[in-house]
Protein chains: 2
Amino acid sequence: MKMSVEPTWAETIKNLRRSEMDRNIEHLSPEDLNQWQAELLQSTINRVYERVPFYRKLMDEAGIGPEEIKGLEDITRLPFTTRQELAANYPYDHFAVPLKDIIRIHVFPGVHERPVVRGYTRADVLARQELVTRFLKACGVGPEDIVQICLERGMAVWGEELRQGAESLGAVVIPPDPVSPANQLLVMGDFKTSVLITTPSYGLHLLDWLRENGVKKPLFLRRGIFVGETLTDSARRELEEGFGIEALSGYGIIEAAGPGMAYECEARDGLHLAADHIIAEIIDPESQAPLPPGEEGELVVTTLSVKANPLIRFRTGDRTKIIPEKCPCGRTTPRIAPISGRTDELLVIRGVKLSREILGKLISQTLKEREVSFEVEIKTRRHLQTLEIKIAMSPDIFVESIPGLHQRLSQVEAAILETVGLPVKVTFVEATSRNG
Amino acid sequence: MKMSVEPTWAETIKNLRRSEMDRNIEHLSPEDLNQWQAELLQSTINRVYERVPFYRKLMDEAGIGPEEIKGLEDITRLPFTTRQELAANYPYDHFAVPLKDIIRIHVFPGVHERPVVRGYTRADVLARQELVTRFLKACGVGPEDIVQICLERGMAVWGEELRQGAESLGAVVIPPDPVSPANQLLVMGDFKTSVLITTPSYGLHLLDWLRENGVKKPLFLRRGIFVGETLTDSARRELEEGFGIEALSGYGIIEAAGPGMAYECEARDGLHLAADHIIAEIIDPESQAPLPPGEEGELVVTTLSVKANPLIRFRTGDRTKIIPEKCPCGRTTPRIAPISGRTDELLVIRGVKLSREILGKLISQTLKEREVSFEVEIKTRRHLQTLEIKIAMSPDIFVESIPGLHQRLSQVEAAILETVGLPVKVTFVEATSRNG
């Protein structure tokens, strides 16, 4: 099979208007999709082997050269990459383009000691924006809509991309601003919001608020689009009945294609993958062996369009399966089931991922103690999860004045809030002696 | 004097390339600037009188018709508007265009009971973006720069506009992400950030962190641009020496032109007003009488380019003066001195404005008490201001279990954080009886 080295994707984008392109991409025959993905995969592998020492080393170690990737079926011969490796290769070792081609750099707290840095070329920014637009269009957003986005600080990048996507569809957008649930609902009624975009938990939180405080004005919502967390069947039902909406969801990871990576259509039965930007595989998280469609395991993604920071077989840590049946909506892109859990120890709170490692680092940095022992509990109050951290301290600390203790607690809380964008409640408990 | 009703500004923008336009606007003769502003003022007044019932009512009450505004000198005949009135006329009563012409709606917690809502047409979004670009260009930002923006959640709109401005100048931008000072500095060194944009207090906070933890890698900063708070002489000196930078500052209000409303030039002696978008007056806050250049009073602004939500003689509450001398940089636009304080009771913390009123409302809502008595203290730790609120409670509350009390405190803290985007420390104190 002879394939061109350079992607045909960029030309295709130029030649097709967006709506035609979306219809095209979402309705390819399995053979055409396979061919398309294989071309993009090959050019991605060529590029990273040539330009990214990190990937060249991984591939050399695995004894595979770029010329051996002849079709999609060869993807399983490539090595995996992990979040840990992304953090370990901070700052530049993933960049496939020189800094002069980068227009934006996002820094994420990451889940390991070093931050995760993602660079974007102009093409990357446009590709992500295209994807979010396609996602929102599949969810029925159009120029007649008033779209209100309610997302936390930790999801600010998501919020910004969703704003751009909705604006590019001609909708009026109320972007995420820090206002109370009361004011969110007030504005929702007064400005006749038709589409709410939020996390399932914040959606339920707003619904609770509405029930407790009574409805003063009617709402005009017709649709809810839920991101950042899995939309469970029961949450969907509650949100649909409570708000009188149709609830849809999307899925993405910050490291790859953003919020438009996979999205529900009107059939609301699984999430369609943006197959021109992502190849998805499911593996057994233990043996790392590929699993067939229909079997649940860990989602692994390879990016096809990303210029600055391509990802090869990135282990997302999210548990799901490929849905083998054809979708009644007519789209032929592969579908995944809603994420059912994680294959690792990461916490996902209000759509924000974090690890015990990063919490430990923040606590010991703030308290200036080399090692701290602590327990993390996740409390849910009115559907919103909050972190509660109990730090074991030697009894000496309780000799400190109450204001002194209070100040130290506040410092830890502030450091965690500032760094991961999540509110947290910290308390000190007395460390029990090991020999006791 | 015969003047056209429609502004010539839109045509001008089309006909001039940006750099030519900026040079033009920033270097007009006093007579030309006067003529330009008078034209825009007249068309603004015509438009608001025709389309905004709120302003028509105010003008009718003041007994002034739009035809009486013949030149700039007539501005003092127009009525003032205040933040209180903006909040009271929630939701639509300020809109000068129909909702279909709006593309974006920002909701701010506001400083009064109701949120402040600002709508933007496409032209408004572009005009604000132009202004931020002009501001950053005056501060020397260019395509060779790597610009890192560190702003809090409460200043998210500022952050977004500054990102767009810097990107449009061809710079690489690291937008505000929730990462710790340690990681901000790590990234600053590793990605060779040349321009830091932040608040003066966060800049000093980063500097403290750097001093305490030692410099592991060199920084490459050449300039700091400080927004949201006044850059005092002593803070400027400390930041310039500490980081080895040139420090510049900008000033704007969220209700009007955004972060590019006024900005320092290389002379660093006062802030140049974006005179094609804003008319500035100084009044005596007590008598409301206009004050001559050089005398300090309250800054009052009238917007000239805003389509959706024009402001007429808006009392900013900020204390400053017009600098009458010509700036050595050659720009002929009027300059104001750095803000020296406020003429009202509003608190400004980390660039975010808030009132006792809004705090009281949040506290009583959260605790479900009709009236609460509380004290607000602003504590500064490592240059960062934090709100501390002491709520007086009847002694009954202390009968509650410690976890119960703790939970209530957390609820109040979470409500304030969520609504105004500022971290806060809340404690309960015993209410003292009125009869002693």
Side-chain angles (χ1 to χ4, degrees), chain A residues 90-92 99-100 102-110 114-115 117 119 146 148 152-154 156-157 159-160 163 167 170-184 186-187 190-192 362 365 381 384 386 406-407 410-411 413-415 417-423 425 427, chain B residues 90-92 99-100 102-110 114-115 117 119 146 148 152-154 156-157 159-160 163 167 170-184 186-187 190-192 362 365 381 384 386 406-407 410-411 413-415 417-423 425 427:
Chain A
Y90 170 91
Y92 314 108
L99 194 56
K100 73 169 178 51
I102 300 286
I103 66 160
R104 197 180 302 168
I105 294 171
H106 272 297
V107 182
F108 302 104
R114 305 220 205 149
V117 174
I146 295 162
Q148 190 165 344
E152 308 242 4
R153 186 183 185 228
V157 179
E160 186 45 34
R163 175 186 71 69
E167 280 185 4
V172 179
V173 183
I174 307 175
D177 287 310
V179 283
S180 61
N183 279 341
Q184 291 283 12
L186 185 73
V187 167
D190 287 325
F191 287 87
K192 301 194 169 47
L362 284 168
Q365 246 179 19
R381 219 186 78 79
L384 286 192
T386 305
H406 209 69
Q407 200 192 8
S410 304
Q411 284 166 17
E413 290 174 353
L417 172 70
E418 186 177 39
T419 306
V420 298
L422 284 173
K425 191 80 224 159
T427 46
Chain B
Y90 169 91
Y92 313 108
L99 194 56
K100 72 168 178 52
I102 299 286
I103 65 159
R104 197 180 303 168
I105 294 171
H106 272 297
V107 181
F108 303 102
R114 305 220 205 149
V117 174
I146 295 162
Q148 190 164 343
E152 307 242 2
R153 186 184 185 227
V157 179
E160 186 46 32
R163 176 186 70 68
E167 280 185 3
V172 179
V173 183
I174 306 175
D177 287 309
V179 284
S180 62
N183 279 341
Q184 292 282 12
L186 185 74
V187 167
D190 286 325
F191 286 89
K192 301 193 168 46
L362 283 168
Q365 246 179 18
R381 218 186 78 80
L384 286 191
T386 305
H406 209 69
Q407 200 191 7
S410 304
Q411 284 164 20
E413 290 175 352
L417 172 70
E418 185 175 40
T419 306
V420 298
L422 284 174
K425 190 81 225 159
T427 46

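The structure displayed is predicted, hence computed values, not measured ones. Here is how names work: the chains are called A, B, and so on, in the same order as the sequence lines, proteins then strands, and each is numbered from 1.
Side-chain contact between B:Leu417 and A:Leu417: present, with at least one pair of heavy atoms (C-beta onward) separated by less than 4.5 Å. Annotation: side chain of A:Phe191 is not in contact with side chain of B:Val107 (no heavy-atom distance under 4.5 Å).
Note on A:Gly119, A:Gly159, A:Pro181, A:Ala182: by heavy-atom pairs under 4.5 Å with chain B, the leading option is A:Pro181. Your options are A:Ala156, A:Gly170, A:Pro175, and the one with the most heavy-atom pairs under 4.5 Å with chain B is A:Pro175. For chain A, the option among B:Leu186, B:Val157, B:Thr386 with the highest count of heavy-atom pairs below 4.5 Å is B:Leu186.
Of the two parts of A:Thr427, only the side chain, counted from C-beta on, holds a non-hydrogen atom closer than 4.5 Å to a non-hydrogen atom of chain B. For A:Gln148, no part lies near chain B; criterion is any non-hydrogen pair under 4.5 Å. Contacts of A:Gln184 with chain B are absent, with no heavy-atom separation under 4.5 Å from either backbone or side chain. Within the 4.5 angstrom heavy-atom criterion, only backbone atoms of A:Ala171 (N, CA, C, O) approach chain B.
Within the 3.5 Å criterion, the main-chain N or O of A:His106 finds no donor-acceptor partner in the side chain of B:Asp177.
Of all heavy-atom pairs between A:Val187 and B:Val117, the closest is CG2-CG2, 4.5 Å.
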Verdict with supporting geometry, B:Ile146 and A:Leu99, side chain to side chain contact (heavy atoms under 4.5 Å, CB included) = CA-CA 10 Å; B:Ile146 295 162; A:Leu99 194 56; 3.6 Å; yes
